[in-house]
Amino acid sequence: MNNRPINYNLERKLRRWTISDLMKYIAIGQGIVYILMYVWPSLGRMVYSMITLSRGAVLSGQIWRLATFVFVPPSSSPIFALFALYFYYMIGSALERRWGKVKFNLYYGVGMICAWLACLITGYAGNTYLNLSLFFAFAAMFPNEEVYLFGILPIKMKYLALVDVLIYA
């Protein structure tokens, strides 16, 4: 009889399909798209319009959008975008270290599938709530981890998560 945990077999089977440092590649991709939009607006808008997730585009055969929508950058000022990309990378890397690359890739993949379902229902979906779910997972696992608001004010993750819950509620 096999005494290994059930998830050991799943991890062994999925390990070769996973991407190490997944959030690094997602943050870099979002950064490239953001820079294109900021430095070369016409090309940036074209790339942006080709990677967003929309039901009509996917149903007309543009299936690459099912993967590329994760590279849509946060729409904001350059300073906030830089902060957001670093933050995504930081929390994603910490979760990958804690869970392992297989579980982290599986979590992100299930989140992508949920975005696809939301897109089928509403006609459009993005990566905002997928990245927000990473934030909540990080805050649940590391509630006392501190980040510095405005670079000087230390705030624990559990309080940032509570503020976000109130904002989205």
Side-chain angles (χ1 to χ4, degrees), residues 14-97 99-139 147-151 157 160-161 163-169:
L14 294 178
R15 187 175 299 130
R16 67 179 169 166
W17 302 104
T18 60
I19 301 169
S20 294
D21 297 323
L22 177 63
M23 281 311 292
K24 175 175 72 173
Y25 298 115
I26 292 172
I28 289 170
Q30 288 182 359
I32 289 169
V33 173
Y34 189 85
I35 289 169
L36 279 176
M37 291 172 59
Y38 196 75
V39 173
W40 198 353
S42 60
L43 178 62
R45 281 192 301 274
M46 184 184 74
V47 169
Y48 183 89
S49 70
M50 295 298 290
I51 65 172
T52 56
L53 185 59
S54 71
R55 179 178 53 209
V58 171
L59 293 178
S60 70
Q62 299 177 9
I63 59 171
W64 66 82
R65 292 172 184 263
L66 296 173
T68 60
F69 79 96
V70 298
F71 298 115
V72 173
S75 57
S76 58
S77 71
I79 297 297
F80 180 78
L82 184 64
F83 167 75
L85 294 178
Y86 173 72
F87 193 67
Y88 294 157
Y89 169 72
M90 181 191 75
I91 63 176
S93 297
L95 289 172
E96 185 175 336
R97 280 191 305 276
W99 291 339
K101 70 178 184 175
V102 173
K103 289 180 185 172
F104 181 75
N105 277 240
L106 196 57
Y107 180 89
Y108 208 84
V110 168
M112 288 175 68
I113 291 169
C114 290
W116 301 343
L117 294 174
C119 179
L120 285 174
I121 294 168
T122 65
Y124 173 81
N127 60 12
T128 303
Y129 294 109
L130 177 55
N131 291 331
L132 186 62
S133 75
L134 288 176
F135 167 68
F136 286 133
F138 182 84
V147 293
Y148 289 90
L149 188 63
F150 307 117
M157 292 301 290
L160 281 178
V163 168
D164 261 2
V165 166
L166 293 174
I167 289 171
Y168 283 99

Is it true that a side-chain atom of [X] and a backbone atom of [Y] form a donor plus acceptor pair closer than 3.5 Å?
X	Y	answer
Trp64	Ile51	no
Arg55	Leu120	yes
Glu96	Ser20	no
Asn105	Leu22	no

Next item on the list: Count the heavy atoms belonging to other residues, nucleotides or ligands that lie under 6.0 Å from CG of Leu166, then report whether that count exceeds 12.
Entry: yes
If you define the side chain from C-beta out and look only at heavy atoms, does anything of [X] sit under 4.5 Å from [Y]?
X	Y	result
Leu130	Met112	yes
Val47	Met50	no
Val58	Trp116	no
Tyr34	Gln30	no
Phe69	Thr52	no
Phe71	Ile32	no
Arg45	Pro41	yes
Lys24	Ser93	no

Margin query: Would Val147 and Met157 count as a side chain to side chain contact (heavy atoms under 4.5 Å, CB included) here? Give the steps.
Written below: CA-CA 7 Å; Val147 293; Met157 292 301 290; 3.7 Å; yes
If the plane angle is over 60° it's perpendicular, under 30° parallel, otherwise tilted; pick one for [X] and [Y].
X	Y	result
Phe83	Phe87	parallel
Tyr89	Tyr86	tilted
Tyr129	Tyr168	perpendicular

Once you round to the nearest 0.5 Å, how far does [atom1] of [X] lie from [atom2] of [Y]?
X	Y	atom1	atom2	answer
Phe104	Leu95	CZ	CG	6.0 Å
Leu53	Arg65	CG	CZ	8.0 Å
Ile26	Leu85	CD1	CG	11.0 Å
Tyr88	Asn127	OH	CG	6.5 Å
Leu134	Ile91	CG	CD1	5.0 Å
Ile167	Leu160	CD1	CG	9.5 Å

Next item on the list: For side chain to side chain contact (heavy atoms under 4.5 Å, CB included), just list the numbers for Val102 and Trp17, CA-CA rounded to whole Å, side-chain angles, deciding distance to a tenth of an Å, and then say yes or no.
Entry: CA-CA 8 Å; Val102 173; Trp17 302 104; over 6 Å; no
Checklist line | Minimum-distance pair of heavy atoms, taken over all atoms of Ala57 and Ser60 | finding: O-OG, 2.8 Å
Notebook entry, point to check: Where is the tightest heavy-atom contact between Ala115 and Ala125, given as atom of each residue plus distance?
Noted result: O-CB, 3.2 Å
Checklist line | Ile35 and Trp40: CA distance, side-chain angles, deciding distance, side chain to side chain contact (heavy atoms under 4.5 Å, CB included) verdict | finding: CA-CA 8 Å; Ile35 289 169; Trp40 198 353; over 6 Å; no
